[in-house]
Amino acid sequence: MTASISPTLVRRIRSARHVTAFTGAGISAESGVPTFRGTDGIWVKFKPEELATMDAFMRNPELVWEWYVHRKKVIAEVRPNAGHEALVALERLCPHFAVITQNIDNLHRRAGSTTVYELHGNIERNYCMECGERVSNEAVLASSGVPQCPSCGGKVRPDVVWFGEMLPENEWEGAVRAARSSDVFFSIGTSAVVYPAASLPLMARESGAYLVEINPEPTPLTDHADEFLCGPAGEILPAIVRAVTGTRSTGASPIHSD
Ligand code: BV8
Ligand code: ZN
């Protein structure tokens, strides 16, 4: 295993009231979901502005839907990995634990995380752009071309945040609250270049959090982190749970209750 878990980090987690995990595409890489900027990343093949913007959707809704239907199918085939599961174990260990994710793949919830702020939406949800009616994934996958709203016939879109669009207010405010109240803040599997999400780790550190980055590669955040754990999340996160619980397995028992 690459990085060793420091006694400082173990002590900080054991004495923490509030622990937050901020995640990006890297935590889902080991499940088989392609990242955006990796060598086989999504943005290597396509430009974000060609597919993940309102303009792109208005220009060519068929192409944008083709892409989201492809990603829905990829995501439906994969399962949460040991990294997602270790965050569920950490949630059981800490009095207050939150996941803030940029991922639209719903894998944190599928793993069992309960407090999840989805900053960029969720690919399993869809809604009508005219009347706002929610449209099920089954209905969307059953239709060919651009799905139409069963009530008003309007265009249906995936419930994700496109570039140039505001983040969902409740999710953003919950994420800012969690960041500002964190004793330990993990930044996991993100290149930390998309804003305003990428401002959260620095916001947490400015509020006194112990900032820990987990990534096999350095990012613009690395110089600001108190610890940089170099390696895959699916290996490092279970090791952190083992170190905190002093067990060989991740069968975690609460370290302290309120
Ligand atoms: C907005 C949903 C404003 C859709 C996404 C300030 C400065 C500069 C630009 C801006 C700024 N403020 C706003 C902007 C514009 C823009 C932006 O940030 N552009 C960037 C590109 C420069 N931001 C926006 O447009 C945002 N909206 O600002 O609205 C506004 C204001 C007023 C009025 C109206 C509007 C909206 C941004 C959200 C866009 N939607 N996704 C979809 O997915 O289809 S963003 C999408 O890309 C993801 O959600 C994620 O956020 C991002 C990808 O980043 P990562 O997840 O980090 O993935 P990446 O591949 O880059 O990195 C993976 C990392 O994992 C790597 O570091 C790798 O080393 C590591 N890794 C790999 N394997 C592993 C691993 N780590 C651990 N374990 C492993 N095994
Ligand atoms: Zn409608």
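Below, each value reflects all heavy atoms present in this structure, side chains not excepted, and no hydrogens, waters or symmetry copies. Note that ligands are numbered from 1 as they come in the structure, with each ligand's atoms numbered from 1 the same way.
Under a 4.0 Å criterion applied to the non-hydrogen atoms of E30, ligand 1 contributes the atoms 78 (N), 79 (C), 80 (N). Listed by atom number, the atoms of ligand 1 under 4.0 Å from Q102 heavy atoms are 48 (C), 49 (O), 50 (C), 51 (O). Less than 4.0 angstrom separates some heavy atom of G189 from each of these atoms of ligand 1: 63 (C), 64 (C), 65 (O), 76 (N), 77 (C). Atoms of ligand 1 found under 4.0 Å from any heavy atom of G24, numbered from 1 in the order shown, are 56 (O). Those atoms of ligand 1 that come under 4.0 Å of a heavy atom in T35, given as number and element, are 60 (O). Below 4.0 Å from some heavy atom of Y68 lie the following atoms of ligand 1, by number and element: 4 (C), 42 (C), 44 (O). Annotation for ligand 1: atoms under 4.0 Å from non-hydrogen atoms of E217 are 69 (O). Within ligand 1, the atoms closer than 4.0 Å to a non-hydrogen atom of V193 are 18 (O), 20 (C), 22 (C), numbered from 1 in the order shown.
Remark: ligand 1 and W162 share no N or O pair separated by less than 3.5 Å (distance only, no angle test). Residue R71 has at least one nitrogen or oxygen atom sitting less than 3.5 Å from a nitrogen or oxygen atom of ligand 1, judged on distance alone. Taking distance alone, with nitrogen or oxygen atoms compared against 3.5 Å, E165 approaches ligand 1 more closely than that limit. For ligand 1, the polar-atom distance check finds an N/O of A233 within less than 3.5 Å of one of the ligand's N/O atoms. Considering backbone and side-chain atoms alike, G234 places every N or O at 3.5 Å or more from each N or O of ligand 1. At least one N or O atom of N215, backbone or side chain, sits closer than 3.5 Å to an N or O atom of ligand 1.
Atom SG of residue C152 and atom CE of residue M129 lie 10.5 Å apart, to the nearest 0.5 angstrom. Rounded to the nearest 0.5 angstrom, W172 CH2 and L200 CG are separated by 4.0 Å.
Partners of E118 by salt bridge (charged side-chain N to carboxylate O under 4.0 Å, His left out), not counting sequence neighbours, listed by chain and number: R109, R125.
In this comparison of S191, A192, G26, the heavy atom closest to atom 59 (P) of ligand 1 sits on S191. For atom 75 (C) of ligand 1, the candidate residues are A29, P216, C230; the nearest heavy-atom contact is made by P216. Ranked by closest heavy atom to atom 18 (O) of ligand 1, the top entry among F163, Y195, W67, F22 is Y195.
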field: CA sep, side-chain torsions, deciding dist, call: N215, I188, side chain to side chain contact (heavy atoms under 4.5 Å, CB included)
entry: CA-CA 6 Å; N215 196 314; I188 306 163; over 6 Å; no
Full working for side chain to side chain contact (heavy atoms under 4.5 Å, CB included) between V19 and D183: CA-CA 6 Å; V19 175; D183 302 304; 5.7 Å; no
task: Applying side chain to side chain contact (heavy atoms under 4.5 Å, CB included), run through K72 and N137 and close with a yes or a no.
output: CA-CA 9 Å; K72 284 175 186 281; N137 235 16; 2.6 Å; yes
message: Apply side chain to side chain contact (heavy atoms under 4.5 Å, CB included) to residues I13 and I240 and explain how you reach the verdict.
response: CA-CA 9 Å; I13 294 171; I240 290 173; 3.6 Å; yes
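One side chain, N106 or N122, offers a donor N or O that lies under 3.5 Å from an acceptor on the other. The closest side-chain donor-acceptor pair between E213 and T222 falls under 3.5 angstrom. With no hydrogens or angles considered, no side-chain donor-acceptor pair links Q102 and T23 at under 3.5 Å.
Judged purely by atom type and a 3.5 angstrom limit, T219 uses its side chain to pair as donor or acceptor with the backbone of L221. A donor-acceptor pair is defined here as one N or O able to donate and one able to accept, closer than 3.5 Å; such a pair exists between the side chain of N81 and the backbone of I27. Proximity of a side-chain donor or acceptor of S182 to a complementary backbone N or O of F185 within less than 3.5 Å is not detected.
The closest approach between A197 and ligand 1 stays at or above 4.0 Å for every heavy atom of the residue.
Protein N/O/S atoms closer than 2.8 Å to the Zn ion (ligand 2), listed by chain and residue number, are C128 SG, C131 SG, C149 SG, C152 SG.
Ion pairing between a basic and an acidic side chain is recognised when a charged N comes within 4.0 Å of a carboxylate O; D105 and R71 show no such pairing.
A cation-pi geometry, defined here as NZ or CZ lying under 6.0 Å from the six-membered ring centre and within 45° of its normal, holds between R157 and W162.
Within the 4.0 Å heavy-atom criterion, neither part of I27 lies near ligand 1.
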